[in-house]
Amino acid sequence: MILTKQQLQDNLDKIIWEIEEARIKRSEHLIVQLVVVSKYTEIENIKTLYELGQRAFGENYVQQLEERAKALEELPIAWHMIGRLQSNKINKLIDLNPMLFQSLDSIKLAKELDKRLDAKQKTLNCLMQINSAKEPSKAGFMPEEAIERYLEIKEQYPNINLKGVMTIGAHTDDKKLITKSFETTYKIYEALKKEGASICSMGMSNDFTLAIECGSNMVRIGRRLFEVNE
Ligand SMILES: *Cc1c(COP(=O)(O)O)cnc(C)c1O
(Lines give C-alpha, C1' and ligand atoms only; values in the text may rest on other atoms or scores of the structure.)
Protein backbone atom coordinates (compact mmCIF):
# COMPACT_ATOMS: atom_id res chain seq x y z
CA MET A 1 0.00 0.00 0.00
CA ILE A 2 1.29 3.42 -0.96
CA LEU A 3 1.08 5.96 1.84
CA THR A 4 0.82 9.71 1.48
CA LYS A 5 3.72 11.91 2.41
CA GLN A 6 1.74 13.14 5.42
CA GLN A 7 1.05 9.59 6.64
CA LEU A 8 4.70 8.63 6.38
CA GLN A 9 5.78 11.89 8.00
CA ASP A 10 3.42 11.23 10.94
CA ASN A 11 4.67 7.66 11.39
CA LEU A 12 8.31 8.70 11.10
CA ASP A 13 7.86 11.58 13.56
CA LYS A 14 6.22 9.30 16.09
CA ILE A 15 8.96 6.69 15.85
CA ILE A 16 11.74 9.28 16.05
CA TRP A 17 10.08 10.69 19.15
CA GLU A 18 9.88 7.25 20.79
CA ILE A 19 13.54 6.60 19.92
CA GLU A 20 14.40 9.95 21.47
CA GLU A 21 12.53 9.20 24.71
CA ALA A 22 14.15 5.76 25.06
CA ARG A 23 17.60 7.10 24.26
CA ILE A 24 17.38 9.80 26.93
CA LYS A 25 16.29 7.17 29.46
CA ARG A 26 19.46 5.22 28.71
CA SER A 27 21.93 8.08 28.26
CA GLU A 28 22.02 11.58 26.83
CA HIS A 29 25.20 10.56 25.02
CA LEU A 30 23.64 7.65 23.19
CA ILE A 31 23.10 8.25 19.46
CA VAL A 32 20.69 5.84 17.80
CA GLN A 33 20.54 5.24 14.06
CA LEU A 34 17.25 4.32 12.42
CA VAL A 35 17.31 1.79 9.59
CA VAL A 36 13.92 1.64 7.87
CA VAL A 37 13.16 -1.93 6.89
CA SER A 38 11.47 -1.62 3.53
CA LYS A 39 10.99 -5.33 2.79
CA TYR A 40 7.18 -5.22 3.04
CA THR A 41 6.62 -1.96 1.28
CA GLU A 42 6.58 -0.37 -2.15
CA ILE A 43 9.39 1.57 -3.76
CA GLU A 44 7.20 4.72 -3.78
CA ASN A 45 7.19 4.73 0.03
CA ILE A 46 10.97 4.44 0.13
CA LYS A 47 11.21 7.42 -2.18
CA THR A 48 8.86 9.47 -0.02
CA LEU A 49 10.78 8.59 3.14
CA TYR A 50 13.95 9.62 1.37
CA GLU A 51 12.37 13.00 0.62
CA LEU A 52 11.52 13.23 4.31
CA GLY A 53 15.20 12.84 5.16
CA GLN A 54 15.55 9.12 5.83
CA ARG A 55 18.75 7.67 4.34
CA ALA A 56 19.26 4.13 5.67
CA PHE A 57 17.05 1.30 4.40
CA GLY A 58 17.22 -2.44 5.01
CA GLU A 59 16.17 -5.43 2.92
CA ASN A 60 16.37 -9.12 3.73
CA TYR A 61 16.58 -10.64 0.26
CA VAL A 62 19.47 -9.88 -2.10
CA GLN A 63 17.13 -10.11 -5.08
CA GLN A 64 14.80 -7.44 -3.73
CA LEU A 65 17.71 -5.32 -2.58
CA GLU A 66 19.10 -5.40 -6.10
CA GLU A 67 15.80 -4.41 -7.73
CA ARG A 68 15.33 -1.51 -5.37
CA ALA A 69 18.90 -0.30 -5.38
CA LYS A 70 18.73 -0.21 -9.18
CA ALA A 71 15.33 1.49 -9.29
CA LEU A 72 16.52 4.17 -6.86
CA GLU A 73 20.05 4.38 -8.20
CA GLU A 74 20.03 8.16 -8.44
CA LEU A 75 19.41 8.55 -4.69
CA PRO A 76 22.38 8.23 -2.30
CA ILE A 77 20.61 5.66 -0.10
CA ALA A 78 22.59 3.62 2.42
CA TRP A 79 21.39 0.05 1.90
CA HIS A 80 21.60 -2.54 4.65
CA MET A 81 21.31 -6.26 4.06
CA ILE A 82 19.62 -7.69 7.15
CA GLY A 83 18.55 -11.19 6.08
CA ARG A 84 20.11 -14.58 5.69
CA LEU A 85 22.68 -14.61 2.90
CA GLN A 86 22.78 -17.71 0.71
CA SER A 87 26.19 -18.48 -0.70
CA ASN A 88 24.95 -18.29 -4.29
CA LYS A 89 23.97 -14.64 -3.63
CA ILE A 90 27.29 -13.49 -2.18
CA ASN A 91 28.73 -12.06 -5.39
CA LYS A 92 25.54 -10.19 -6.14
CA LEU A 93 25.50 -8.64 -2.69
CA ILE A 94 29.14 -7.53 -2.96
CA ASP A 95 28.43 -5.89 -6.32
CA LEU A 96 25.60 -3.87 -4.78
CA ASN A 97 28.05 -2.15 -2.39
CA PRO A 98 25.77 -2.16 0.66
CA MET A 99 26.63 0.15 3.54
CA LEU A 100 26.37 -2.75 5.98
CA PHE A 101 25.72 -6.49 5.94
CA GLN A 102 24.08 -7.11 9.30
CA SER A 103 23.60 -10.85 9.36
CA LEU A 104 26.96 -12.60 9.22
CA ASP A 105 25.84 -15.77 10.98
CA SER A 106 28.51 -18.47 10.59
CA ILE A 107 32.22 -19.06 10.12
CA LYS A 108 31.44 -20.91 6.92
CA LEU A 109 29.78 -17.82 5.49
CA ALA A 110 32.63 -15.60 6.71
CA LYS A 111 35.15 -17.79 4.93
CA GLU A 112 33.20 -17.83 1.66
CA LEU A 113 32.45 -14.11 1.82
CA ASP A 114 36.09 -13.26 2.47
CA LYS A 115 37.19 -15.35 -0.48
CA ARG A 116 34.78 -13.62 -2.87
CA LEU A 117 35.71 -10.20 -1.52
CA ASP A 118 39.35 -11.00 -2.01
CA ALA A 119 38.77 -11.97 -5.64
CA LYS A 120 37.01 -8.64 -6.22
CA GLN A 121 39.58 -6.71 -4.16
CA LYS A 122 36.85 -5.27 -1.99
CA THR A 123 35.93 -5.13 1.68
CA LEU A 124 32.49 -5.23 3.28
CA ASN A 125 31.25 -3.74 6.54
CA CYS A 126 29.54 -6.49 8.52
CA LEU A 127 27.85 -7.18 11.85
CA MET A 128 28.02 -10.54 13.56
CA GLN A 129 24.53 -11.88 14.17
CA ILE A 130 24.02 -13.28 17.67
CA ASN A 131 21.34 -15.87 18.42
CA SER A 132 20.85 -14.21 21.77
CA ALA A 133 17.92 -16.32 22.99
CA LYS A 134 19.38 -19.53 21.54
CA GLU A 135 16.32 -20.17 19.41
CA PRO A 136 16.60 -23.16 17.04
CA SER A 137 14.61 -21.27 14.40
CA LYS A 138 17.10 -18.41 14.30
CA ALA A 139 20.49 -18.01 12.72
CA GLY A 140 23.53 -16.57 14.42
CA PHE A 141 26.39 -17.31 16.75
CA MET A 142 25.67 -18.62 20.23
CA PRO A 143 26.41 -16.00 22.90
CA GLU A 144 29.11 -18.04 24.64
CA GLU A 145 31.20 -18.44 21.48
CA ALA A 146 30.53 -15.01 19.97
CA ILE A 147 33.59 -13.14 21.26
CA GLU A 148 36.02 -15.86 20.30
CA ARG A 149 34.49 -16.18 16.83
CA TYR A 150 34.49 -12.42 16.34
CA LEU A 151 38.24 -12.36 16.97
CA GLU A 152 38.73 -15.34 14.69
CA ILE A 153 36.91 -13.60 11.81
CA LYS A 154 38.86 -10.40 12.41
CA GLU A 155 42.11 -12.26 12.29
CA GLN A 156 41.52 -14.75 9.50
CA TYR A 157 39.20 -12.92 7.12
CA PRO A 158 40.72 -9.49 6.53
CA ASN A 159 38.27 -8.42 3.80
CA ILE A 160 35.46 -8.57 6.30
CA ASN A 161 35.27 -5.34 8.17
CA LEU A 162 33.52 -6.22 11.43
CA LYS A 163 31.69 -3.24 12.93
CA GLY A 164 29.81 -4.86 15.80
CA VAL A 165 26.86 -7.11 16.53
CA MET A 166 23.22 -7.60 15.57
CA THR A 167 20.42 -9.57 17.18
CA ILE A 168 16.71 -10.21 16.88
CA GLY A 169 15.03 -10.07 20.28
CA ALA A 170 13.60 -13.25 21.79
CA HIS A 171 10.40 -14.31 20.07
CA THR A 172 8.02 -14.17 23.05
CA ASP A 173 5.58 -11.87 24.85
CA ASP A 174 7.61 -12.20 28.03
CA LYS A 175 9.31 -8.86 28.43
CA LYS A 176 11.86 -10.33 30.83
CA LEU A 177 13.09 -12.81 28.24
CA ILE A 178 13.27 -10.15 25.52
CA THR A 179 15.23 -7.91 27.88
CA LYS A 180 17.57 -10.77 28.69
CA SER A 181 18.31 -11.39 25.00
CA PHE A 182 19.15 -7.71 24.51
CA GLU A 183 21.30 -7.59 27.63
CA THR A 184 23.19 -10.69 26.53
CA THR A 185 23.94 -9.06 23.17
CA TYR A 186 24.89 -5.73 24.73
CA LYS A 187 27.42 -7.45 27.01
CA ILE A 188 29.08 -9.05 23.98
CA TYR A 189 29.12 -5.68 22.22
CA GLU A 190 30.65 -4.01 25.25
CA ALA A 191 33.43 -6.61 25.42
CA LEU A 192 34.14 -6.08 21.70
CA LYS A 193 34.39 -2.29 21.86
CA LYS A 194 38.12 -2.55 22.44
CA GLU A 195 38.26 -4.58 19.22
CA GLY A 196 36.70 -1.68 17.35
CA ALA A 197 33.02 -2.64 17.57
CA SER A 198 30.87 0.49 17.29
CA ILE A 199 27.43 -0.81 16.29
CA CYS A 200 24.96 -2.72 18.45
CA SER A 201 21.98 -3.33 16.16
CA MET A 202 18.89 -4.47 18.03
CA GLY A 203 15.23 -3.53 18.19
CA MET A 204 12.36 -3.87 15.70
CA SER A 205 8.80 -2.48 15.58
CA ASN A 206 7.64 -4.35 18.68
CA ASP A 207 10.63 -3.94 20.94
CA PHE A 208 12.83 -1.04 19.82
CA THR A 209 12.32 1.16 22.88
CA LEU A 210 13.27 -1.74 25.13
CA ALA A 211 16.31 -2.48 22.95
CA ILE A 212 17.49 1.14 23.20
CA GLU A 213 17.06 1.08 26.96
CA CYS A 214 19.38 -1.95 26.88
CA GLY A 215 22.00 0.03 24.92
CA SER A 216 21.13 -0.48 21.23
CA ASN A 217 22.48 2.21 18.92
CA MET A 218 20.85 0.95 15.71
CA VAL A 219 17.19 -0.02 15.35
CA ARG A 220 15.62 -1.74 12.34
CA ILE A 221 11.99 -0.77 11.95
CA GLY A 222 9.55 -1.90 9.27
CA ARG A 223 5.89 -2.46 10.08
CA ARG A 224 5.39 0.54 12.36
CA LEU A 225 6.50 2.89 9.59
CA PHE A 226 3.95 1.65 7.11
CA GLU A 227 0.90 1.40 9.37
CA VAL A 228 -2.19 3.36 8.43
CA ASN A 229 -3.97 4.89 11.40
CA GLU A 230 -7.54 6.08 10.97
C1 LIG B 1 11.80 -7.76 9.08
C2 LIG B 1 12.97 -7.48 9.94
C3 LIG B 1 13.00 -6.32 10.75
C4 LIG B 1 11.84 -5.35 10.86
O5 LIG B 1 10.77 -5.94 11.53
P6 LIG B 1 9.44 -5.09 11.87
O7 LIG B 1 8.76 -5.94 12.87
O8 LIG B 1 8.71 -4.96 10.59
O9 LIG B 1 9.85 -3.79 12.42
C10 LIG B 1 14.16 -6.09 11.48
N11 LIG B 1 15.21 -6.93 11.43
C12 LIG B 1 15.21 -8.04 10.68
C13 LIG B 1 16.41 -8.93 10.68
C14 LIG B 1 14.09 -8.36 9.91
O15 LIG B 1 14.10 -9.47 9.17
Side-chain angles (χ1 to χ4, degrees), residues 1-3 7-8 10-19 22 32-43 45-46 49 54-68 77-86 89 93 96 98-106 109 124-141 146 163-173 175 177-178 181-182 184-186 188-189 199-229:
M1 182 173 171
I2 297 170
L3 279 76
Q7 283 172 319
L8 284 168
D10 291 347
N11 288 353
L12 187 60
D13 284 350
K14 196 150 180 293
I15 287 165
I16 289 172
W17 179 246
E18 287 176 33
I19 291 173
V32 179
Q33 205 195 328
L34 168 62
V35 177
V36 167
V37 176
S38 44
K39 66 187 184 200
Y40 319 104
T41 200
E42 284 84 352
I43 287 185
N45 290 333
I46 302 177
L49 282 166
Q54 178 64 28
R55 291 294 174 268
F57 292 88
E59 289 287 339
N60 66 341
Y61 290 106
V62 174
Q63 201 69 44
Q64 188 157 320
L65 177 59
E66 182 185 36
E67 280 168 31
R68 290 165 171 217
I77 286 176
W79 291 104
H80 293 232
M81 170 65 185
I82 61 170
R84 212 161 198 175
L85 179 60
Q86 295 168 295
K89 296 289 185 337
L93 180 69
L96 290 170
M99 170 69 70
L100 188 61
F101 168 48
Q102 296 208 14
S103 34
L104 182 58
D105 58 12
S106 72
L109 179 60
L124 181 63
N125 294 331
C126 297
L127 300 182
M128 170 186 263
Q129 183 172 350
I130 314 284
N131 189 349
S132 54
K134 303 188 178 189
E135 289 158 307
S137 61
K138 277 192 196 136
F141 289 85
K163 293 286 192 187
V165 296
M166 179 276 241
T167 201
I168 298 170
H171 185 70
T172 167
D173 291 330
K175 197 175 163 189
L177 289 177
I178 304 172
S181 67
F182 289 149
T184 297
T185 306
Y186 185 78
I188 295 166
Y189 166 66
I199 300 174
C200 179
S201 173
M202 48 190 202
M204 315 188 351
S205 289
N206 284 338
D207 55 18
F208 70 91
T209 55
L210 183 58
I212 294 168
E213 285 169 40
C214 293
S216 166
N217 62 9
M218 181 177 280
V219 291
R220 311 175 307 269
I221 301 180
R223 272 174 296 143
R224 277 282 310 274
L225 238 323
F226 304 107
E227 268 170 9
V228 179
N229 310 295

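Each ligand, and each atom within it, is numbered from 1 in the order the structure gives.
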Looking at atom 13 (C) of ligand 1, what's its closest protein heavy atom, distance included?
I82 O, 3.5 Å
Protein heavy-atom partner closest to atom 9 (O) of ligand 1 - residue, atom, separation in Å
S205 OG, 2.5 Å
If you measure every N/O of M166 against every N/O of ligand 1, is any gap under 3.5 Å?
no
Going by the 4.0 angstrom heavy-atom rule, the piece of V37 near ligand 1 is side chain
Partner of Q129 under side-chain contact (heavy atoms from CB on, under 4.5 Å), picked from T167, V165, I82, I168, is I168
Run the numbers for me: atoms of ligand 1, each under 4.0 Å from some heavy atom of I221, listed by number.
9 (O)
Quick one: does I130's side chain get under 4.5 Å of T184's, heavy atoms only?
no
Nearest heavy atom to atom 14 (C) of ligand 1, choosing from R84, M204, K39, K138, belongs to K39
Is there a donor-acceptor contact under 3.5 Å from the side chain of T41 to the main chain of S38?
no
Min side-chain heavy-atom separation F226-I221 under 4.5 Å
no
Side chains of H80 and E59 in contact at under 4.5 Å (non-hydrogen atoms):
no
I'd like to know whether ligand 1 has F208 as a neighbour, heavy-atom separation below 4.0 Å.
no
Counting only N and O atoms by type, is there a donor-acceptor contact under 3.5 Å from the side chain of D105 to the main-chain atoms of F141?
no
Could you tell me, atom by atom, which parts of ligand 1 come under 4.0 Å of a heavy atom of Y40?
1 (C), 5 (O), 8 (O)
Look up atom CD in Q33 and atom CZ in R55, then write down how far apart they are to the nearest 0.5 Å.
12.0 Å
Side-chain donor-acceptor pairs of residues 202-212 under 3.5 Å, sequence neighbours excluded:
from : atom 1 : to   : atom 2 : distance (Å)
S205 : OG     : R223 : N      : 3.4
S205 : OG     : R224 : N      : 3.1
D207 : OD1    : M204 : N      : 2.7

Taking atom 8 (O) of ligand 1 as the reference point, the nearest protein heavy atom with its distance
R223 N, 2.8 Å
In the protein, which heavy atom is nearest to atom 11 (N) of ligand 1, and how far is it?
R220 NE, 2.8 Å
Find all atoms of ligand 1 within a distance of less than 4.0 Å from any non-hydrogen atom belonging to G222, and give their numbers and elements.
4 (C), 6 (P), 8 (O), 9 (O)
Answer yes or no for N206: is there a heavy-atom contact with ligand 1 below 4.0 Å?
no
